[in-house]
Amino acid sequence: MQAFLDQLWIARWPLWEGLRLTIGSAAASILFGTLLGVIVGIQLAYAPWWLRLPFRVYVDIMRGTPVLVLILAAYYIPAVAGLSLGPTQAGILALALFAGAHIGELMRGSLQAIPPGQAEAGRSIGLTYPQLLAYVLLPQAVRSALPPWINTGVELIKGSSLLSIIGVGELLLKTQEVIGRNFMTIQFYVFAGILYLAINIVLDQLGKAVERRVGQPW
């Protein structure tokens, strides 16, 4: 144990950098994925079929493709097209597209679950379509979609470990580099697992706190 603690102290800064990048990339993916998912969900719920079709294709492709394949595609395909994306940018893009599809489907279900009378009441008092979304429909949809949204965030935290395959220096890659120097495989993998678990527990608790807050009557 003392030897592990000594090596952990020596490796503290690389592991901290990996942890910071894991949290940062996951947070950016959740943010951009949520914004994309809201747009996708609105289109799937209310757009005419010809406008809804490309969003449906996007959702089905993203949900049916493994995250690892999405990460590799986001890293290599833009380069073929002449776009220069760094490993971190490509990883965030892949995770955000993955999250956008799942959150879009969550928002679609939540919006369609709202009784039609809510929208009719909003239109009857003269609300425009953007106002109807902002003040009537989206607040109710967000409240019902929040629990599965938290699960999507947890999946993104775990999925960020796959970014090591394209050279992103997140927690798993930094852990592997440390193991390559001290050969304490089990100890450092267990330690990395504990860190991932801690992040997910914190995210889960924050999500539940927000859920309790927004679940209260207005």
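Quick caveat, the model's predicted, so the values are computed rather than measured.
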Would a hydrophobic clustering, with Ile, Leu, Val, Met, Phe, Trp and Tyr connected at side-chain separations under 4.5 Å, put L173 with L171?
-> no
Could you tell me which non-hydrogen atom of E170 sits nearest to which non-hydrogen atom of S164, and how far apart they are?
-> OE2-CB, 3.1 Å
Any donor-acceptor N/O pair, Q89 side chain to G86 backbone, under 3.5 Å = yes
Short N-O contact, E105 and R56, less than 4.0 angstrom | yes
Distance from I150 atom CD1 to N200 atom CG, nearest 0.5 Å?
-> 12.0 Å
Over all heavy atoms of both residues, which pair between I30 and L156 is shortest? Give the atoms and the distance, please.
-> CG1-CD1, 3.4 Å
Does W49 have R52 sitting over its ring (NZ/CZ under 6.0 Å from centre, angle to axis within 45°)?
-> no
Rounding to 0.5 Å, atoms CE (M184) and CZ (F4) come to a distance of 8.0 Å
Hey, are the side chains of M107 and I42 touching, using non-hydrogen atoms and a 4.5 Å cut-off?
-> no
Cluster overlap W13 with I10, hydrophobic side-chain contacts below 4.5 Å = no
Rounded to the nearest 0.5 Å, what separation is found between the OG1 atom of T152 and the CG atom of L106?
-> 5.0 Å
Heavy-atom pair with the smallest gap, counting every atom of Y196 and S161 | OH-CB, 3.5 Å
Taking atom CD1 of I165 as the centre, report whether more than 12 heavy atoms of other residues, nucleotides or ligands fall under 6.0 Å from it.
-> no
Minimal heavy-atom distance between L44 and G104, with the atoms involved, is CD1-O, 4.3 Å
Are any of the side-chain nitrogens in K158 or E155 under 4.0 Å away from the carboxylate oxygens of its partner?
-> yes
Any donor-acceptor pair under 3.5 Å linking the side chain of S124 with the backbone of A121?
-> yes
Do any N or O atoms from the side chain of R12 and from the backbone of W9 form a donor-acceptor pair under 3.5 angstrom?
-> yes
Please assess L95 against S160 for the test side chain to side chain contact (heavy atoms under 4.5 Å, CB included), listing each intermediate value before the final yes or no.
-> CA-CA 8 Å; L95 294 179; S160 67; 4.3 Å; yes
List the atom pairs, with distances to 0.1 Å, where a side-chain N or O of residues 63-85 and a protein N or O form a donor-acceptor pair under 3.5 Å, not counting sequence neighbours.
| residue | atom | partner | partner atom | Å |
| --- | --- | --- | --- | --- |
| T65 | OG1 | I61 | O | 2.6 |

Closest heavy-atom pair, S144 versus P148, reported as atoms and distance to 0.1 Å, is O-CD, 4.1 Å
Quick one: pull up OG1 in T175 and CG in L15 and give me the separation to the nearest 0.5 Å.
-> 5.0 Å
Under the 3.5 angstrom rule, does the side chain of Q131 hit a backbone N or O of T128 as a donor-acceptor pair?
-> yes
Contact check, side chains of I199 and I23, non-hydrogen atoms, under 4.5 Å = yes
Tell me, do L97 and Y58 make a side-chain contact under 4.5 Å, heavy atoms counted?
-> yes
Separation of F188 CZ from K174 NZ (nearest 0.5 Å) = 14.0 Å
Linked, directly or transitively: L146 and I103 (ILVMFWY side chains, under 4.5 Å) | yes
Relative to the ring of F98, is the ring of H102 parallel (under 30°), tilted (30 to 60°) or perpendicular (over 60°)?
-> tilted
Is L132 close to R123 at the side-chain level, that is, under 4.5 Å between some pair of heavy atoms?
-> yes
Gap between atom OG1 of T22 and atom CD1 of I157 - 0.5 Å precision = 7.5 Å
So if you build clusters from Ile, Leu, Val, Met, Phe, Trp, Tyr with side-chain heavy-atom gaps below 4.5 Å, do V178 and W16 land together?
-> yes
If every non-hydrogen atom of L163 is compared with every non-hydrogen atom of G91, which pair is closest and at what distance?
-> CD2-CA, 3.4 Å
For atom OH of Y46, decide whether the heavy atoms of other residues, nucleotides or ligands shown that lie under 6.0 angstrom number more than 12.
-> yes
Quick check: are there more than 12 heavy atoms from other residues, nucleotides or ligands sitting under 6.0 Å from OH of Y135?
-> no
Apply side chain to side chain contact (heavy atoms under 4.5 Å, CB included) to L35 and I39, showing your working.
-> CA-CA 7 Å; L35 295 176; I39 295 173; 5.7 Å; no
Flag if over 12 foreign heavy atoms under 6.0 Å of CD1, I186 | no
